[in-house]
Amino acid sequence: MSTIIKNGTIITAGETYKADILVEDEKIKQISENIKPSPGDEVIDASGLEIYPGAIDAHTHLDMPCGNNITTADDFESGTIAAACGGTTAIIDFANPKRGQRLSDALEFWRKNSDGNCAVDYAFHITLVESNDRVAAEAAELVEKEGITSFKTFFAYAAMRISDGQFLEILDIARKHGALVMLHAENGDILEHSMKKLHFEGKKGPEFHETAHPAIAESEAVHRAAALCGYSKMPLYVVHLSSKEGLAEIRSARAAGLPVYAETCPQYLLLSNRLYHKNGFEAAKFVMSPPLRDAGDNDILWNAVRDGLIQVIATDHCSFLFKGQKDAGKNDFTKIPNGAPGIAERVNLIYSYGVKKGKISKNRFAAVMSTNPAKLFGLYPEKGVIAVGSDADFTVIDPDRKGVINIADLNYKTDYSAYEGFALDGMVSMTISRGRVIAKDNKFLGSKTHGKYMKRSKFDGSASII
Ligand SMILES: [Zn+2]
């Protein structure tokens, strides 16, 4: 039996046109006008709807333990069901080893929690918190055997941060085996210094979270990493870029010809630091790292998404209960678990506030939500494109549908949305994963065993990222 999606408008990173799509065995078999159904074929009417390549969220943290007996509120089941209903067909999460731990043991831990519990296709980046011969050998094995072709690094946080020398060694491992190095770009010494100072001054409320993470900590880290990558002749992927200062360093690195890529997230495009100064401890809902910046930074980042300086919009979904987890930091903001949800809201928000408000084109939306992350993280051309032979993953949007974000509709285990009450103009109508409608009108129709682990191809820098 085949499935035919009829009468929709297909929108990819490069093209917009009307055609029908024939799906067989989870793949796109044919794209043309007026495909005639055979008896028994399933026909999906997409009249008036826009069909995009399935949205990929390249930055999530599901079921993540993070010290003090706290684990993120959303696990792989709730997180990927929320993703599916929100129009996302694939996620890339993180396996985080501790220092001294075998990388494969860390991956096994994350696979145990995710396998059989994912409603959408899933993969992992591996975090490298040290560099030595053992890590080099184990990282090579993960690239070759498990298709883990991206290494996450940190310039901040005692348990994760690496030195410049270790960063250079990790770039060497990545070059040798075909992986992309990702960076959490904050200068750890600046963070520690500013937090100590705030504590000394008795400034312990959540309104000081942003002060503890100044934008110059981000821009310094981007600048330094870009220089180290320039020296090593290696590309770099900066996660969750938050500030105009950080962006200025991305701009100058790219102007110098360095392949430095940047990801931002809906919170840095739509929310601002004013939220840290409203309603007392409510501010804890927005305690995430890096923090929210000035409202003026929002527009500067939107322009960078439009102009190609930022190539990916992911979520950094890292959800904690406002009541029961975030309140661990009631008396000290440095004890508030850092992170916010977003996996369910991303597609609707970026469509409503990016496309509909004229900040980015529909083709750019396809590029930053799907095509670019697929190319950067070795999922292309199975994912990230609507073409014969590719996976039949589609995010189908009704451009006329309107709604309002309400935590009750988001399928989360967590108890709040950072975007509660945001009006939506244009919303996900259907999410189709490998030919199967897994969500329709925000109703989950899939299963938690549908998602497949994705072994990713090596990064060789050859794919054109726009
Ligand atoms: Zn993250």
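Indexing begins at 1, ligand by ligand and atom by atom, following the structure's order. Both backbone and side-chain heavy atoms feed into the values below; hydrogens, waters and symmetry mates do not. What you see is a predicted model; the values in this text were computed from it and never measured.
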Quiz item: Between Lys112 and Asp63, does at least one N-O distance fall below 4.0 Å, as a salt bridge requires?
Solution: no

Quiz item: Would Met454 and Lys383 satisfy side-chain contact (heavy atoms from CB on, under 4.5 Å), going step by step from the backbone distance to the final call?
Solution: CA-CA 10 Å; Met454 302 180 287; Lys383 313 270 190 209; 3.6 Å; yes

Practice problem: Of all N, O or S atoms in Asp316, identify the one at the shortest distance from the Zn ion (ligand 1). | Solution: OD1

Practice problem: Could you tell me whether any N, O or S atom belonging to His61 is less than 2.8 Å from the Zn ion (ligand 1)? | Solution: yes

Quiz item: Would Arg99 and Glu130 pass as an ion pair if we require N to O under 4.0 Å?
Solution: no

Practice problem: Flag the pair Glu192 and Arg161 as a salt bridge only when some basic side-chain nitrogen lies within less than 4.0 angstrom of an acidic carboxylate oxygen. | Solution: yes

Practice problem: Output yes if His59 passes the N/O/S-under-2.8 Å test against the Zn ion (ligand 1); output no otherwise. | Solution: yes

